[in-house]
Amino acid sequence: GEDVEQSLFLSVREGDSSVINCTYTDSSSTYLYWYKQEPGAGLQLLTYIFSNMDMKQDQRLTVLLNKKDKHLSLRIADTQTGDSAIYFCAEKGHNAGNMLTFGGGTRLMVKP
Amino acid sequence: DAGVIQSPRHEVTEMGQEVTLRCKPISGHDYLFWYRQTMMRGLELLIYFNNNVPIDDSGMPEDRFSAKMPNASFSTLKIQPSEPRDSAVYFCASSYQGREQYFGPGTRLTVT
């Protein structure tokens, strides 16, 4: 089946930019998503990008998509301690019905 | 909107007992998804419904698990009999026409 990979851990200092990376294998991906999970909570949809776009910006969040390399990144500008959480990348393939394939999540730790 | 509602938030039960988890999707959403999250296996899709009809249940671990959606505003996931390895956080998510999925807060199940 299709696969989505993320690094396990990222540590940054408050005020710096964070970049969380994701790679996927499904060449038929239509939409790619970023979710945030805080301790004891569900997954919160942060943003998503359609596969025919290469960039999307939403306030402090910038999503970059390199479809050729099947690489997705989430940049968080001016990272705050409240951004500490696990971030999940997910993709929806054209042939997957409406199912999402999730990565294993990247734990972002923001140091004051 | 209240978002996806799940109950109970926490469930502790003994091995062999029946467990029923409940979900109310966002009003107007026509897709409903059940996921399980563990440290070892990450986020796994168990089953999903479209217009109350089960579409894909290939992720359901075994016959001890069953899910129903009697109407557009309610779904249940039942485990009978429960086993310690079923301990996990169970999430329900809903979406409109297969677009972005919105997750509930989850039910943390502990089977002793």
Side-chain angles (χ1 to χ4, degrees), chain A residues 1-9 20 22-24 26 28-53 56 58 61 63 65 72 74 85-107, chain B residues 1-11 21 23-26 29-51 53-60 88-110:
Chain A
E2 303 301 342
D3 197 23
V4 177
E5 296 284 340
Q6 298 179 240
S7 53
L8 285 176
F9 188 75
I20 302 171
C22 170
T23 57
Y24 60 96
D26 188 352
S28 73
S29 284
T30 54
Y31 286 90
L32 295 115
Y33 304 84
W34 284 105
Y35 285 85
K36 175 185 180 183
Q37 185 178 31
E38 297 182 67
L43 277 69
Q44 174 195 353
L45 178 66
L46 285 179
T47 187
Y48 61 94
I49 189 168
F50 187 48
S51 59
N52 70 352
M53 298 169 63
K56 181 178 180 181
D58 184 1
L61 305 180
V63 179
L65 174 61
L72 182 74
L74 175 69
I86 301 175
Y87 290 80
F88 290 91
C89 166
E91 66 93 15
K92 181 161 71 173
H94 179 71
N95 300 318
N98 287 296
M99 295 186 289
L100 299 183
T101 301
F102 282 85
T106 299
R107 182 177 295 274
Chain B
D1 196 321
V4 176
I5 298 172
Q6 291 187 247
S7 65
R9 292 295 312 277
H10 301 274
E11 176 81 44
L21 312 181
C23 175
K24 177 178 167 55
I26 293 172
H29 281 192
D30 54 349
Y31 281 82
L32 184 139
F33 304 81
W34 281 102
Y35 291 88
R36 178 171 70 176
Q37 186 180 40
T38 61
M39 290 290 291
M40 291 297 293
R41 301 170 72 95
L43 199 62
E44 303 173 275
L45 176 66
L46 300 177
I47 185 171
Y48 80 95
F49 296 83
N50 176 217
N51 291 324
V53 176
I55 304 300
D56 190 320
D57 65 354
S58 59
M60 295 285 263
V89 181
Y90 291 81
F91 289 106
C92 176
S94 71
S95 73
Y96 173 65
Q97 293 189 346
R99 295 175 190 173
E100 58 276 11
Q101 294 181 21
Y102 293 90
F103 282 71
T107 295
R108 182 174 294 277
L109 173 65
T110 303

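Source: prediction; values computed, not measured.
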Report which part of A/Gln37 has an atom under 4.5 Å of a heavy atom belonging to chain B: side chain, backbone, both, or neither.
side chain
If you count the non-hydrogen atoms of other residues, nucleotides and ligands that lie under 6.0 Å from OH in A/Tyr48, is the total more than 12?
no
Can you tell which part of B/Asp56 gets under 4.5 Å to a heavy atom of chain A, answering side chain, backbone, both or neither?
side chain
So A/Tyr31 and B/Glu100, do their side chains get closer than 4.5 Å, heavy atoms only?
no
B/Tyr96 OH: over 12 foreign heavy atoms closer than 6.0 Å
no
Might you work through the side-chain contact (heavy atoms from CB on, under 4.5 Å) test for A/Phe102 and B/Gln37, ending with a clear yes or no?
CA-CA 11 Å; A/Phe102 282 85; B/Gln37 186 180 40; over 6 Å; no
Please report the shortest heavy-atom distance between A/Asn98 and B/Gln101, naming the atom on each side.
O-NE2, 3.4 Å
Against chain A, label B/Arg9 side chain, backbone, both or neither, depending on which of its atoms sit under 4.5 Å from a heavy atom there.
side chain
What's the shortest heavy-atom distance between B/Arg99 and A/Tyr33, and which atoms?
C-OH, 4.2 Å
Approximate separation, where rounding is to 0.5 Å, of A/Leu100 CG and B/Ser95 OG:
8.0 Å
Which atoms of A/Leu43 are under 4.5 Å from chain B, going by heavy atoms: the side chain, the backbone, both sets, or neither?
both
